[in-house]
**Q** 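Can you keep this structure in mind? I'll have questions shortly.
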Amino acid sequence: MSAATTPSVTGAGMPLPDAYDPQGVEEKWQARWRSRGTNATDVAEGPAKFYALMMFPYPSAEGLHVGNLFAFTGNDIFARFHRMRGRTVFEPLGFDAFGIHSENFALKVGVHPSELIPRNIANFRRQLERAGLMVDWRYAVNTTDPGYYRWTQWVFLELYNRGLAYRKKAAVNWCPFDKTVLANEQVINGECERCGSKVEQRFLEQWFFAISKFAPRLLANLEWLDWSETTKTAQRNWIGKSEGAEIRFVAGGGVAEPGTAITVFTTRPDTIFGATYLVLAPEHPLADALTTEAQRPAAERYREQTADQDLVSRRIGSREKTGVFTGSYVTNPATGGQIPVWIADYVLMDYGTGAIMAVPGHDERDFAFAQTFGLPVVQVVAPDGDALSPDPPLAAYTGPGRLVRSGAFDGLTIDEGKQRIVEWLAGHGSATPVENYRIHDWCISRQRYWGPPIPIIYCDRCGPVPVPTADLPVLLPFIADFKPDDSGVSPLARHEEWYSVPCPKCSGPARRETDVSDTFLDSAWYFLRYPSAHRDDTAFDAVLTRRWLPVDSYIGGNEHAVLHLLYARFVTMVLHDAGLLDFEEPFTRFRAHGHIVRDGAKMSKSKGNIVNPDAYIAEWGADAFRTYLMFLGPFEQGGDFRDASISGPRRFLDRLWSAVIASTTTGQPDDGVLRELHRTIRKVTEDIPRLSYNTAIAALMAYMNVLRAGERRPHRAETEPVVQLVAPFAPHIAEELWERLGHTTSVFDSGWPSFDAALAADRTVTVAVQVNGKLRGTVVVAPDAAEEDVFAAAAAEPAIAKYITTPPRKRIYVPGRLMNLVIGG
RNA sequence: GCCGGGGUGGCGGAAUUGGUAGACGCAGGGGACUCAAAAUCCCCCGGGAGGCGACUCCCAUGCGAGUUCGAGUCUCGCCCUCGGCACCA
C-alpha cells in the first residue's frame, strides 16, 4: 500500500475515507468487537449450540505459522457461517505448551520455559487476534497453567482409580550424550537426531494407560462417526484388529518343566500342519527356562546383543534374519511331531504372545529364517489343491488355495480350514479363537521436566499412593537447571525438598513420582475444559458439559489422526464409564485439513521457506490474507503458497468495497444480476458446509464480475446480500460495509441470506449437441423443452445438420444439458 | 514393502459425481486513461493446422488397455509424486 492513499484515520467512531483501507477497517472493528463483546459466547444459554473446535497450537518461539492460520481460518469461517445461520456458536482456542519441544528449545536458547512460554503465548495471541478470529478469549486454556494441569492430574487419578493406569518396565530409547529419553521419531538410523550418538535401550519403570482394553469399542464406534474417511482408515489400521487363534505347544524333552506350554498367536491356524519350528521373542519369559545348558552361552550372547540395540534400529534395521536355537523341542498338536524352539528378534514381545509358530511354507519372514538356518519347509496350502511343485518350494506361498498334507483337513479352503482346525484343537484344549489388536497401551511417563508431575507418592509402607484430589495440583517446582542427566530419571528427582513428602495415608516418609506425563494427556481432554475454563472448582461443569458437548465440528491436521484423536476418544470413553459424561465419543464430526506448502515443499526452517503471516497481513490486510489462504485450493487438501497470487483476492475486496459504496437505491435491480445473485447465494450456502471454500470464493468473484459488467452502477439489493456472504471469509470489511449500508448491529447477527429457487432458475438453457460423441454445436432452448423440440432445433442448426447424414440410429437426451446423436452403422 | 492422498494450460486450481474440459484467480500480451509511471478499466490468453474473416478442423486431463452413445470422472495394468507406518505372526 502506498502511504499516500489515506490519512491515518483509525479508532472506533471516527469516519473512514471512501477508499478501502484494510489496516484502518481492521483496527476499527477489532476494537469494536472487543468493546461490544461481539465474539463473546453466552455459554449458559442461547438456541442451537454449535461447538466449533480446532486443534490448539503449540506456541512456538517462531510465532504463528501460516499453516496454523490456514487451519484456524477454515474453522473460523465454518463457525461464523453457523452463527449467521442462527446457531449459538462457541469458538474457543488455547495453547498446548508443555512438552519436550518447548523444553529442548528452552535448553537451546538458555531461557527457562516458565519465562519463555508466556512470552510465546502473548505473541501468538497478538497474531491470532490480528487475523480476526471469532475466538472468545475469556475461555482460553493454557496446559502449563496450574489451574489447568491440576485437572490433567485429576484425569490421571480418574484412570488410576479405575485400574486403567499401571506401572511396568518398558524399553525406552536412551541417548548417552544428551542423557535423555528419546521418542521413536527422534531416533534417526539408530542415532540421536540432535547429537548423532548411538542410541541405547534402557528398561525403565513407566506408567501406562490401558487403552488396549478399549480397542474393540474404539474400533466399533468408527462405524458411525462423521469423520474424514482417511482419518478413520488410519485409526482402523492403528488399532489393527486381526482374528486368529492362540495355540498351545507343550514342551517335550530338554530342560523345561514337564507340561510347560508356549502359547502362540497366529492368524493362520489352517497352516499348523506346516509349522516346523517355534520362535520366541528374545525377551520372552520362557526363553531362559527353555534354553539347554549346551545352548546357554550362545542364547545368552544373542539376548544381550538384541537388548543392546535401540528399539528403532531393531525395528527398521536390516531384515536379515538372526536367531539362536534353545535346544528344546515342543509338540506340534496337529502332527504330534517334535519341533525345535528358537529365539529370534524378528518376533516382537509386544505383539500377540511374543511367540509364534513358524510356517515357512506360507510366511515370507519364516521362510527367510528357515532358509538361513536350514530348517524344514513344508507346503500345506496349494492353489486349488494341485501339484506341490517344486518341493521344497522356492518361496512362501501366501495366496488362496486348499489344504494339503493336513490329514483329515485336506481339500478344505483356507477359511474352512481355519475354522475346522481351531474347533478340532479346541476340543483337545490346545487352541482358543482370539481377536488380537496391534494397538499398545499408552506409555505416559516422560523422564523430563516440562510437564505436569504424575500425582503419585511412593511410600515404603503403603506402596504407590495417589495424591488426594484436595492436594492437587502437584505443582511443577521451579528448577533453574532442568537439564536431564545420566541417571535416567527426571530432573525432578534432583530436587529433594520437592520430592520428599509425607505419605498421604500413613504420614511416613515417602517420595513423589518424579516423571511428568505425556503432552498427549494434556490434549486428550482440553475440549472438555473450554466451556468450564472459568471454573476452578471442577474440571468440567456437568451442566455446561451437557450443553456444549460433544463437539459439533472438529478441524485439525491429519498428522494427529492416530495418536491425539485416539487418546482423546479413549479418555472420553473412560470418563463416560465413570459416569462423568453422558456421551462416549467427543467429536461428532471431524475433518482433516490439508497443508500449505511452498514451491511444492513442506515449509520448514531448514529450507528457509517459512512464511510469517505478520508481514503479509501488514501489507494486504487480514481479510485479504484469509481470503487468499482459503482460495489457494481445497481446504481438505491444502495448497501451494505463492506471494504473487494474493493480489487476486485483494482486488476482489477492493471491487466489493467500491461496488457497495457506489450502490444506488433508486430504480430497479437488474433481473439477470438478481438471478446470478441467487445462484451465488445457493453456491456459497452449499459450499461452506463441504469446506469447499475455494469454490465459494470463486463464485463470489464471478458474481462481482457480473455485478460490475459494463461499468454499471449496482443496485443496493444486488450488493447487500453479498456483504453477508463474504462476512465469514473477510469479517472486517463485511462489518464496515454493513455499517455503511446503514445497519447498527453486527453483520454476524444479521442472519444468512436465503435464495429463491425460482429467481435462480434459468429462463433458457444451452444444450450441447454431439454427433457420435463429438461436440458439434449447441442449441438454446427453454429449460423444459421436449426432446423432440431440442432435436428439431439441433437439426435446424447448419453446423450440426451437416453431420446428420442419415436419420440417427440412437438418440440420447440429458434434459437441459446434452443431446447425443448416433449416426451410421 | 504396506496404507492413504494426488498427477488437468506457463502457474494455483474448477468441472452439478458418467454429459460442452479448463470456472475463478495469478502470471503474460494488447488497448484506454496519463507528459510518464503506478493504480484502475476493457479485450485476448491449452496446443497444432487451415482461412482476409465473424470461423473451420484435428489433438489434449501422467502412460497403456477396456467398459459406454459418451470417460478428467468407472474397470484392469503400469509410471511419477507427497504424506504416514514399519518384521504385527
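Computed over heavy atoms, backbone and side chain alike; hydrogens, waters and symmetry mates excluded. Per chain, numbering begins at 1; letters A, B, ... match sequence-line order.
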**Q** With a 4.0 Å limit, can you tell me whether A:N705 has a side-chain N or O closer than that to the phosphate oxygens OP1/OP2 of B:rG25?
**A** yes
**Q** B:rA27 phosphate, OP1 or OP2: any side-chain N/O from A:R651 under 4.0 angstrom?
**A** yes
**Q** Sort out the partner of B:rA86 for me: Watson-Crick or G-U wobble, both distances under 3.5 Å, none otherwise.
**A** none
**Q** Give none if B:rU17 has no partner; otherwise give the nucleotide forming a Watson-Crick or G-U wobble pair with it, both distances under 3.5 Å.
**A** none
**Q** Do A:N558 and A:T231 have side-chain N/O donor and acceptor atoms under 3.5 Å apart?
**A** yes
**Q** Could you please name the option among B:rU20, B:rA27, B:rA89 that lies closest to any side-chain atom of A:S647?
**A** B:rA27
**Q** Hey, are A:N820 and A:Y813 close enough side-chain-wise for a donor-acceptor pair under 3.5 Å?
**A** no
**Q** Want to settle it: does A:G354 or A:M701 sit nearer the 5' end of RNA chain B, counting the closest nucleotide to each?
**A** A:M701
**Q** Identify which nucleotide among B:rC24, B:rA89, B:rC26 has an atom closest to any side-chain atom of A:T266, counting heavy atoms from C-beta outward.
**A** B:rA89
**Q** From B:rA89, B:rC26, B:rA23, pick the nucleotide closest to the side chain of A:A698?
**A** B:rA23
**Q** In terms of relative ring orientation, are A:F635 and A:F70 parallel, tilted or perpendicular, with 30° and 60° separating the classes?
**A** tilted
**Q** Picking from B:rU20, B:rG19, B:rC41, which would you name as closest to the side chain of A:N820?
**A** B:rG19
**Q** Give me the distance, rounded to whole Å, that separates B:rG9 from B:rG5 when you measure between the P atoms they each carry.
**A** 22 Å
**Q** Check every atom of B:rC26, B:rG19, B:rG12 against the side chain of A:F631 and return the nucleotide holding the closest atom.
**A** B:rG12
**Q** Need one value for A:R682: base, sugar-phosphate or nothing, where a base atom within 4.0 Å counts as base even if backbone is also close, heavy atoms only.
**A** nothing
**Q** Picking from B:rG25, B:rC87, B:rU20, which would you name as closest to the side chain of A:R365?
**A** B:rC87
**Q** Write down the partner of B:rC78 under the Watson-Crick or G-U wobble criteria, each distance required to be under 3.5 Å.
**A** B:rG62
**Q** Within less than 4.0 Å of OP1 or OP2 of B:rA86, is there a side-chain N or O belonging to A:Y346?
**A** no
**Q** What integer number of Å spans the P atoms of B:rU61 and B:rG10?
**A** 13 Å
**Q** Closest to the A:T230 side chain: B:rC11, B:rC88, B:rG5?
**A** B:rG5
**Q** Once you apply the 3.5 Å cut-off to both distances, tell me the Watson-Crick or G-U wobble partner of B:rU40, or none.
**A** B:rA32
**Q** Should we say atom NZ of A:K232 is surrounded by more than 12 heavy atoms from elsewhere, each under 6.0 Å from it?
**A** yes
**Q** For the P atoms, the ones on B:rG4 and on B:rC78, what distance do you get once it is rounded to whole angstrom?
**A** 16 Å
**Q** If you measure from the P atom in B:rG66 to the same atom in B:rG72, how many Å do you get, rounded?
**A** 15 Å
**Q** Using OP1 and OP2 only, check whether a side-chain N or O of A:T695 sits under 4.0 Å from B:rG13.
**A** no
**Q** Counting just side-chain N and O atoms, does A:R438 come under 4.0 Å of either OP1 or OP2 of B:rA86?
**A** no
**Q** Base, sugar-phosphate, or nothing for A:T766, non-hydrogen atoms under 4.0 angstrom?
**A** base
**Q** Take atom CZ of A:R650 and atom C1' of B:rU40, then tell me their distance rounded to the nearest Å.
**A** 13 Å
**Q** Decide, for B:rU17, between syn and anti: a glycosidic angle within 90° of 0 counts as syn, anything else as anti.
**A** syn
**Q** Locate the shortest heavy-atom distance separating A:M349 from A:E283; write the atom from each residue and the value.
**A** CB-OE1, 3.6 Å
**Q** Regarding A:D441 and A:S212, is there a side-chain donor-to-acceptor distance under 3.5 Å anywhere?
**A** yes
**Q** If the P atom of B:rG70 is compared with that of B:rC59, how far apart are they to the nearest Å?
**A** 15 Å
**Q** Regarding A:Y803, tell me which of base, sugar-phosphate or nothing describes its non-hydrogen contacts under 4.0 Å with the strands shown.
**A** sugar-phosphate
**Q** Tell me whether the OP1 or OP2 atom of B:rA14 has a side-chain N or O from A:N694 closer than 4.0 Å.
**A** yes
**Q** Just how far, in rounded Å, is C1' of B:rC88 from CG of A:L348?
**A** 7 Å
**Q** Can you see if the side chain of A:R236 gets near the phosphate of B:rG4 - specifically, an N or O under 4.0 Å from OP1 or OP2?
**A** no
**Q** Kindly say if A:R776 contacts the phosphate of B:rC58, meaning a side-chain N or O under 4.0 Å from OP1 or OP2.
**A** yes
**Q** Starting from P on B:rG13, measure out to CD on A:Q637 and report it in whole angstrom.
**A** 8 Å
**Q** Is B:rG9 syn or anti, taking syn as a glycosidic angle within 90° of 0?
**A** syn
**Q** Determine the interatomic distance between C1' on B:rG47 and the same-named atom on B:rA36; round to the nearest Å.
**A** 38 Å
**Q** We want to know whether A:T695 and A:D687 form a side-chain donor-acceptor pair, criterion being a heavy-atom distance below 3.5 angstrom.
**A** yes
**Q** For A:L700 and B:rC24, what is the distance between atoms CG and P respectively, to the nearest whole Å?
**A** 13 Å
**Q** Write down the distance separating the P atoms in B:rU81 and B:rC87, rounded off to the nearest Å.
**A** 25 Å
**Q** When you measure from the side chain of A:R655, which nucleotide among B:rC87, B:rC69, B:rG25 comes out closest?
**A** B:rG25
**Q** What integer distance in Å separates A:R809:CZ from B:rC69:P?
**A** 8 Å
**Q** Is A:R708 close enough to B:rC41 that one of its side-chain N or O atoms is under 4.0 Å from OP1 or OP2 there?
**A** yes
**Q** Please report the interatomic distance CG(A:L629) to CG(A:N694), rounded to the nearest 0.5 Å.
**A** 12.5 Å
**Q** Could you check whether A:V822 gets within reach of a base, just the sugar-phosphate, or nothing at all, counting any heavy atom under 4.0 Å?
**A** sugar-phosphate
**Q** Suppose you measure atom P in B:rC57 against the same atom in B:rA65; what distance do you get, rounded to whole Å?
**A** 26 Å
**Q** Return the value, rounded to whole Å, for the distance between atom OH of A:Y813 and atom P of B:rU20.
**A** 14 Å
**Q** Without decimals, in angstroms, what is the distance between A:M704 CE and B:rC42 C1'?
**A** 17 Å
**Q** Rounding to an integer number of Å, can you tell me how far A:L563 CG sits from B:rC85 P?
**A** 8 Å
**Q** State whether a side-chain donor-acceptor pair under 3.5 Å links A:E559 with A:H595.
**A** yes
**Q** Hey, does A:L632 reach any base, or is it just sugar-phosphate, or nothing, if we go heavy atoms under 4.0 Å?
**A** sugar-phosphate
**Q** Assign each of A:E636 and A:W238 to its nearest nucleotide of RNA chain B by heavy atoms, then name whichever residue's nucleotide is nearer the 5' end.
**A** A:E636
